[in-house]
Enquirer: 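Before anything else, here's the structure in question.
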Amino acid sequence: MEKLIVHGGNRLRGKVLISGSKNSSLPILAATLLTKDDCVIRQVPDLSDTNYMLQILRALGAEVERASGTVNVKAEKIIPDTPYDLVRKMRASICVMGPLTGRLRKAVVSMPGGCVIGDRPVDLHLKGLEYLGAKVQMDGGNIHIEAKKPLKGCTMNLLGKFGSTVLGTDNVLMAAVLTKGTTIIEGAAAEPEVEDLANFLIKMGAKIEGAGTTRIVVEGVKELHGAEHTVIPDRIEAGTFLVAGAIFGDGVMVKRVVPAHLKNVTDTLLASGYEVTSTKDSVTIMPGSGSPKGFHLTTRVYPGFPTDMQAQFCALACLIPGLSSIKETIFPQRFMHVSELKRMGANIELDGDTARITGVETLSGAPVMASDLRASAALVLAGLAAKGTTEIHRLYHIDRGYEHLDEKLSMLGAVTERVKE
């Protein structure tokens, strides 16, 4: 176990190179199970989650090699059973379910683990696979999926109580590409990461239209071949560094980004009074001419404001004069960071799925506990501007989704220490 010590009060300035997207890398790596041929995936971030996924691929029988950010996978002979000891550590491991069902017509996957941010059921994943003709049974904490007959394309709707499902769309998409006939997914997730997966599948020979919209059409093919692909930049990492620049920066540029993927984040920062400029592959944030203003956000499925940026903007609102509010519609219980921010002096009131934040002049460093990936990032951001020293415990949450976060912050001028507990 490690902790991160953040010494507050050091202004940030400079450039930071954004890593490949975690939420694209995981399903794309899983998709390599759909072919016996070699696949090469570039810009895969060095994270505990991606490393767990590579271990799962090996356990399923694939040959996996990693050199820096490039991963080579050859899944010539694979088995349908995923190991519980690996799946329990990472929720996104559920995305091997689709490719195993598509290629082998059989999959045994343990119910996944991961962040504790509220109920995140897999019922929509299973519903989609059942639409294609698979039979699903639960036994002893495992999901057993089998199709005695070849899967058949159909029309389905994957819209759930809290909107569309990203990994559910991924799973159905990966099963459908090898399914006879036409599959139409209504209520599909439109996130850039789903579109990135679809682009990789198309390179493998899949026939897909509409990825990046809420209606995806898949024409099944007999088999897929190997392909090479470069993962898109991580929009959540980029957004986190932009918020760091807003909280305590004098000019922070994020490079290797797709500005269109950050529009909901940059629009909010602009409306709050920060100066934001973009080029083809970079975004820069500077302090505005006056004091920043409070904001009122509601998390939505893409292209709305991302739930994965909610905690970071909560940290930002703690230091903006006046009242801000954040309504969480995707994971209504995702406010584990609030009690820790209050330990640092934040003025936050929770009312069900809404946080009302009154800005304070300063925060004070304190020992805090990370509860999930994005909550831990919010605590680091608060520590940057706090007086004194902040200790963030359970650092493994950060390492699940941020590649060398402390090193990148240090390059911008932050003073941090990673030490053993």
Enquirer: Check this for me: Glu349, atom CD, are more than 12 non-hydrogen atoms of other residues, nucleotides or ligands nearer than 6.0 Å?
Expert: no
Enquirer: Can you run down the side-chain hydrogen bond (donor to acceptor under 3.5 Å, both in side chains) pairs that involve residues 60-80, sequence neighbours left out, and say none if there aren't any?
Expert: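 Applying side-chain hydrogen bond (donor to acceptor under 3.5 Å, both in side chains) to every pair that reaches into residues 60-80, excluding sequence neighbours, yields Asn51-Arg66.
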Enquirer: Taking side chain to side chain contact (heavy atoms under 4.5 Å, CB included) as the definition, give me every residue that meets it alongside Arg105, ordered by chain and number, with sequence neighbours left out.
Expert: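 By the side chain to side chain contact (heavy atoms under 4.5 Å, CB included) rule, Arg105 matches Ala147, Pro150.
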Enquirer: Under 4.0 Å between a side-chain nitrogen and a carboxylate oxygen: does that hold for Lys148 and Glu146?
Expert: yes
Enquirer: Who pairs with Asn23 by side-chain hydrogen bond (donor to acceptor under 3.5 Å, both in side chains), at least two apart in sequence or on another chain?
Expert: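 Expected list: none.
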Enquirer: With sequence neighbours excluded, tell me which residues meet side chain to side chain contact (heavy atoms under 4.5 Å, CB included) with Thr230.
Expert: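 Side chain to side chain contact (heavy atoms under 4.5 Å, CB included) list for Thr230, sorted by chain: Arg42, Gln43, Arg256.
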Enquirer: Kindly give the heavy-atom pair with the smallest separation between Cys95 and Met174, and that separation in Å.
Expert: O-CE, 3.3 Å
Enquirer: With a 4.0 Å cut-off on N to O distance, would you call Glu193 and Arg235 a salt bridge?
Expert: yes
Enquirer: With no hydrogens and no angle check, just 3.5 Å: does a side-chain donor-acceptor pair link Thr299 and Gln310?
Expert: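 Short answer, no.
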Enquirer: With side-chain contact (heavy atoms from CB on, under 4.5 Å) as the criterion, how do Leu57 and Leu33 come out once you've worked through the C-alpha distance, each side chain's angles and the decisive distance to 0.1 Å?
Expert: CA-CA 8 Å; Leu57 296 181; Leu33 295 169; 3.8 Å; yes
Enquirer: Mind listing the side-chain donor-acceptor pairs of residues 208-220 below 3.5 Å, one per line with the distance, residues two or more places apart or on another chain?
Expert:
from, atom 1, to, atom 2, distance (Å)
Thr213, OG1, Gly210, O, 2.6
Thr213, OG1, Arg215, N, 3.2
Thr213, OG1, Arg215, O, 3.0
Arg215, NE, Glu186, OE2, 3.1
Glu219, OE1, Thr182, OG1, 2.6
Glu219, OE2, Thr182, OG1, 3.3

Enquirer: For residues Thr329 and Phe162, report the shortest heavy-atom separation together with the two atoms involved.
Expert: O-CD2, 3.2 Å
Enquirer: So, Arg356 and Asp351, do they make that salt bridge, N to O below 4.0 Å?
Expert: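 The answer is yes: the pair qualifies as a salt bridge.
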Enquirer: On a heavy-atom basis, which atom in Leu158 and which in Gly168 lie closest, and how many Å separate them?
Expert: CD1-O, 4.0 Å
Enquirer: Is the closest basic N to carboxylate O distance between Glu223 and Lys36 below 4.0 Å?
Expert: no
Enquirer: Show the numbers, then the answer: is there a salt bridge (Lys or Arg N to Asp or Glu O under 4.0 Å) between Asp399 and Arg418?
Expert: CA-CA 12 Å; Asp399 294 335; Arg418 179 185 286 254; 2.9 Å; yes
Enquirer: In terms of the angle between their ring planes, are His229 and Phe200 parallel, tilted or perpendicular, with boundaries placed at 30° and 60°?
Expert: tilted
Enquirer: Please determine if Arg334 and Asp308 form a salt bridge, counting it only when a charged side-chain N lies under 4.0 Å from a carboxylate O.
Expert: yes
Enquirer: Between Asn171 and His125, does the side chain to side chain donor-acceptor pair (under 3.5 Å) criterion hold? Intermediate values first, please.
Expert: CA-CA 7 Å; Asn171 262 323; His125 304 233; 3.0 Å; yes
Enquirer: What is the minimum heavy-atom distance between Gly245 and Val252, and which atoms define it?
Expert: CA-CG2, 3.8 Å
Enquirer: Using ring-ring contact (aromatic ring centres under 6.0 Å, His included) as the criterion, list what pairs up with Phe295, not counting sequence neighbours.
Expert: Phe313
Enquirer: After noting the C-alpha distance and the side-chain angles of Leu379 and Thr390, does the key distance pass the side-chain contact (heavy atoms from CB on, under 4.5 Å) rule?
Expert: CA-CA 9 Å; Leu379 298 177; Thr390 301; 5.8 Å; no
